[in-house]
Amino acid sequence: MSQTNHQPIRVLFVCLGNICRSPLAEGVFRKLVDEAGLSAHFEIDSAGTGPWHVGEPADRRMQRTARRYGVDLSKHVARQLSEKDLAYYDYIFVMDRENLEDVLHLDREGRFRDKVQLFRSFDPEPGNGEVPDPYYGGERGFETVYQIVERTARRLLQHLLAAHGLKETVGLSR
Ligand code: 4NP
């Protein structure tokens with residue numbers, strides 16, 4: 001079944017500052033979607049639960065790590081999550097449980113609860129379900145975040161393609 005005449009699948013990645021983890025998840029996921037020739041089927045964005053970095057570019061350390069893997073975050077501008085996002089997006093993938101709590105707090109009537117999931121619940125490797133916050137750590141933390149995000153985004157895309165009846169694309173599985 002083709003989705004050509006359907007609405008794009010709206011996917012939002014959420015972290016605290018929208019300068020490290022969620023911009024990376026957005027960039028990696030978008031690259032995978034582009035490589036699969038499926039960009040017309042998706043609308044992809046990211047946002048932060050907090051206001052502190054609104055208007056700023058992605059963290060330089062995160063940009064540098066992403067660039068090494070061919071993911072360009074140079075055009076990212078941080079923004080804060082709003083209630084409108086909860087209604088607009090079909091899927092909201094949060095990076096940790098604090099993000100989850102904050103997003104659910106914004107959803108006062110619980111109308112959008114089913115859209116919100118821990119991104120890392122799709123990680124094919126065992127873990128605690130959270131993408132660790134690299135902001136106050138060293139360079140290695142950004143590499144760790146990249147590895148987590150890359151393998152999780154691949155699995156997530158497979159999941160969404162299956163859930164939406166989109167053709168399985170060669171090269172996405174590991
Ligand atoms: P992010 O990382 O949520 O992955 O964008 C952070 C960025 C900034 C801060 C914390 C985490 N901060 O405290 O300013």
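All ligand and atom numbering here is 1-based and tracks the order in the structure.
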If I apply the N/O under 3.5 Å rule, does P134 come out as touching ligand 1?
no

Are the side chains of F142 and C20 in touch, meaning some heavy atoms are under 4.5 Å apart?
yes

Answer with side chain, backbone, both or neither: which part of W52 has a heavy atom less than 4.0 angstrom from an atom of ligand 1?
neither

Applying a 4.0 Å heavy-atom criterion (strictly less than), which segment of H53 is in contact with ligand 1: side chain, backbone, both, or neither?
side chain

What atoms of ligand 1 come within less than 4.0 Å of a heavy atom belonging to C20?
1 (P), 2 (O), 4 (O), 5 (O)

Closest protein heavy atom to atom 9 (C) of ligand 1, given as residue, atom name and distance to 0.1 Å
Y135 CD2, 3.5 Å

Pairwise side-chain contact, F29 with R154, heavy-atom cut-off 4.5 Å (strictly under):
no

Would you check if the side chain of D90 reaches a backbone N or O of R10 as a donor-acceptor pair within less than 3.5 Å?
yes

Establish, from distance only, whether the side-chain atoms of N99 and D96 form a donor-acceptor pair under 3.5 Å.
yes

Do D107 and K115 meet the salt-bridge criterion of a basic N to acidic O distance under 4.0 Å?
no

For I19, the atoms of ligand 1 under 4.0 Å from one of its heavy atoms are 5 (O), 7 (C), 8 (C)

Indicate yes or no: does an N/O atom of C15 lie under 3.5 Å from an N/O atom of ligand 1?
no

Checking heavy atoms under 4.0 Å, the part of N18 that sits near ligand 1 is backbone

One finds that the ligand 1 atoms under 4.0 Å from a non-hydrogen atom of G17 are 1 (P), 3 (O), 5 (O)

For the residue pair F122 and H159, categorise the inter-ring angle as parallel (less than 30°), tilted (30 to 60°) or perpendicular (more than 60°).
tilted

Work out which heavy atom in S39 is nearest to a heavy atom in D34; give both atom names and the distance.
CB-OD1, 3.2 Å

Less than 3.5 Å between some nitrogen or oxygen of Y136 and one of ligand 1, yes or no?
yes

For ligand 1, indicate whether the residue D133 contacts it via side chain, backbone, both or neither (heavy-atom separation under 4.0 Å).
side chain

Does a side chain donor of either E143 or Y69 reach within less than 3.5 Å of an acceptor in the other side chain?
yes

